[in-house]
Amino acid sequence: MYTAFMYSLDSSLDIVVGIGPTVANKLASKNLYTLQDLLLWAPLHYEDRSQQKLIMDLVKDELVTIQAEVTAVSNQYKGRRSIQRATIQDNSGSLKLIWFNSPYIKDTLKRGQSYFFSGQLNNRRMMTQPKIEKISRDTIHTNRLVPIYSTVTGIKPGNLRRYLKEIVDHLQPIDDPLAKQFDLLPLNTAFKHLHFPDDQQLTIDARKRLALEELLGLMQHSYRIKQQWKDRACAHFIKIDEKNLIPKLLFTLTHAQQRSLREILDNISSTTPMNRLLLGDVGSGKTVVAGIAARQVLQNNHHVAFIVPTQILAQQHLETLDQFFPEINTQLLTAKNKFILNDSPTIYIGTHAVINKLQDIKPALIIYDEQHRFGVKQRSEIYQLAFCPHLLTMSATPIPRSLMLTIFSHLELSVIDEMPAGRKPVKTWLIPEKKRTKSYNWIKRQLQQSGEQATPVGKQVLVICPFIDPSDVQAFANIKSATQTYETLKTEFADFKVELLHSRLSQAQKDHITQNLYNQKIDILVCTSIVEVGVDLPTVSIILIESAERFGLASLHQLRGRVGRAGQQAHCLLFSSVSLKETNQRLEVFTQTTDGMKLAEADLQNRGAGDLFGTQQHGFDQLKFANWTNVELITQARQIFNQLKDSTDWQPLISPPATNSCPNPN
Ligand code: ADP
Ligand code: MG
C-alpha cells in the first residue's frame, strides 16, 4: 500500500513519485537536481483558468473553465494526422470540442462522466484544444490560476505541473526559524503559493519571501569574502607610468571615466588586493577604462585575465583592445584552442576557459565583464588561489549606489554616471500592428539609403524575438518566435540579406554569423536576446523588438543600448503582441525614458501587475526573485542579516548562482 512519503528539500528529484531516472535526467539538463532546485524554478506566468461559466454564457476568446458531461467523443484519422471531437453539455446547453493529433482523448473522456474543460470559444462557437481534468477541489490544470513554466525538452507542460504538485503536497515542514523570528511568510507556504496560488496577490507575497532569502544569501556570501580577504597584503604592486597612461584614443575620456580610472589605479598601486566594481550604464565606456588599467599591469611585466560571459563578447573585446592599444599582447582563450603561456605579458581573454587556466596564468589583475551579474560565486574560487590578484568587475546592472554597498559589503565601487559626449538618444517608437507594413517600408528605405552613402555608418537592422520556436503553450501563441519571424522577413525583405542567430546554433555557426554582421554582409539579423551580453554593434542603427511586452524595461534598455554606438541616430521599434492597455503603457514609458535606473524602478512598480514574471529567463539578471531597485526589501534584508550574520546555525536557503556560464536566452 502507498504510504504518505514526505520529501525533504535536498532529496534528489528521481525519488519523487512520477519522476524517476529518465525524467530526472531531463530536468538535470536545466540544472534541476534537487527538490529545492525545482521548487525555486518559478513559473514564467500564471494562466487564469479560474473563471467558471455555463455553456450558455460563453463569450468568444474568453478563457474560462466549464464543468460539463461528455455526451459523445470520436477520433478520426486523416493519413498520419488525426482529429478528436467531443460534445459536452451542462444545464444550460451543449458545446462541441475539438483537438488535433491527440488520439488519447478518446480514452481519457468517458461518455456520461463530467469533467472540467478549460479553453476559449472560437468564432465558430467551438472550443479548440481545451484542457481536461477530473473534477475535484484540488485541480492542477483547470479551474484555477495555472502555473506556466519554461519548456524542458521532453517533458510535457502538464507533467511538470504534476511533479510540482506532488512535491508541494508532500513536502516535509521546512526548518524555518526566520519565519517566526521575523514574522515572515513560512517557506512551505511560499513554495505552495509560488506554484499553485489561489490568487495573484499570494504569488507576490511568496516571491517576496524568496527574494528575501536570495538577498540574505548574497549578503552572507559577501560578508564571508570580506572576512577571508581582510588584511591580506599579497597582491602585486603595480607602478603606474603616469606619463604614458592614456594612449592616443579616438576620443577623450569623460570625467566619470577619468575618476573611475584613478580609483582603480590607486588600488592596484598597492599590495592590498583590489576588489572593485565598475558600474556604468550600457554604452558608458567601461571597457576602455579597464583596458588602460590592464595596460599598466602589462607594463609591470604581469599577465592580465579578462573574463567575459560569451564567446562573441570575448572576440569583440579582443578586437577593441587591439584597436585601442596596438602595441600590447592579447590572446583569445577558448575551450578548444591549446593554451600556451606567453613569455611576454599578455591579456588573456575568454569565457570560463580562462578561469580554468588561472593557476598557470597567475594574472596580477583579473577583469570580469559580467554585464548584469556580479560573479559572487566563482570569485570564491579565486580566493583559493595561491596568489592574490587584483579584481575588477564591470556591470551595467542599474542599482542605486547605497543599495549596492548594502548587499555587497566586500566591494568598493566606481560609478561611470556620464555618457560619452555626442551620443544621440535612440529614438523609440511603439508601433501599432496595423502600421507594420508601413514600418517595414520605412526600414527598406533606411537600408537603401545607407547603401548609397559614401561613408556608410551601417544601417543594419537587428530583430529581437523572445523565443526561438513558436510556443505550444496557448498563452504564448501570439508571441513572435525567431524562426517564424525569420521566415516572414526573408520573404518580406527579399532584396536584402536576412540571417538568423540563436543559442541552439553551434559556436562555429554563431561566430560565422557574427563575423558577417560586423563585416556588414548581413542587412537584417533576427535573433533571440543572445545579443544582450554586452556586444557593441556600432554598425547597427535599427533595433526592432517583437512581443516587447515579454521583456522587462531594464531588459529592453539593455537591448536598445546595443545600437547606435558610432554616434549615428539610431531607432528602436517596438511591437506588442497584446492589446492590453496597462502593458502597452509600460512600453510607452520606455519610449520616453533613456535612464536605466528609472526604467528599473518602473519595472519594480509593475511587478504587482503580475505579467512581468520571469525576466530572468532572458538571462539579464542573476536575481530570480529580488529586484535591485527594491529599496524597502533590501533594507529589510540588511536588518535581518545584521542579526544573523555571526550566528553559526543559520544557513541561507539560496546561495548565489554560478555566474561564469553564458546566460541562456531560451
Ligand atoms: P559599456 O560600458 O557598455 O561596456 P563600451 O565600453 O562597450 O560600453 O563602450 C561603448 C562605446 O563607446 C565603444 O564603442 C567605445 O569605444 C565608445 N567610447 C568609450 N568611451 C568613450 C568616450 N569617452 N568618448 C566617445 N566614445 C567612447
Ligand atoms: Mg561592455
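When a ligand or atom number is given, it counts from 1 through the structure's own listing order. This chain uses plain numbering: 1 for the first residue, then up along the sequence.
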ask   = Considering Thr287, Val289, Asp369, which one's heavy-atom position lies nearest to atom 6 (O) of ligand 1?
value = Thr287

key: Shortest heavy-atom approach to atom 9 (O) of ligand 1 - which of Pro420, Gly422, Gly285   = Gly285

query = Charged N to carboxylate O under 4.0 angstrom, Glu327 versus Arg295?
reply = yes

ask   = Taking 4.0 angstrom as the limit, do Asp266 and Arg276 come out as a salt bridge?
value = no

Go through ligand 1 atom by atom and flag the ones less than 4.0 Å from a non-hydrogen atom of [X].
{"X": "Val282", "value": "3 (O)"}
{"X": "Thr252", "value": "22 (C), 23 (N), 24 (N)"}
{"X": "Thr254", "value": "23 (N)"}
{"X": "Phe324", "value": "16 (O)"}

Run the contact test for [X] against ligand 1 with a 4.0 Å cut-off on heavy atoms, strictly below, and give the result.
{"X": "Ser284", "value": "yes"}
{"X": "Gly283", "value": "yes"}
{"X": "Arg423", "value": "yes"}

Side-chain donor-acceptor pair under 3.5 Å between [X] and [Y], yes or no?
{"X": "Gln520", "Y": "Thr539", "result": "no"}
{"X": "His236", "Y": "Asn300", "result": "no"}
{"X": "Ser577", "Y": "Glu549", "result": "yes"}
{"X": "Glu263", "Y": "Ser414", "result": "yes"}
{"X": "Gln331", "Y": "Asn342", "result": "yes"}
{"X": "Glu319", "Y": "Gln323", "result": "no"}

ask   = At under 4.0 Å between heavy atoms, which part of Met394 makes contact with ligand 1: side chain, backbone, both or neither?
value = neither

key: Any N or O of Ala421 closer than 3.5 Å to N or O of ligand 1   = no

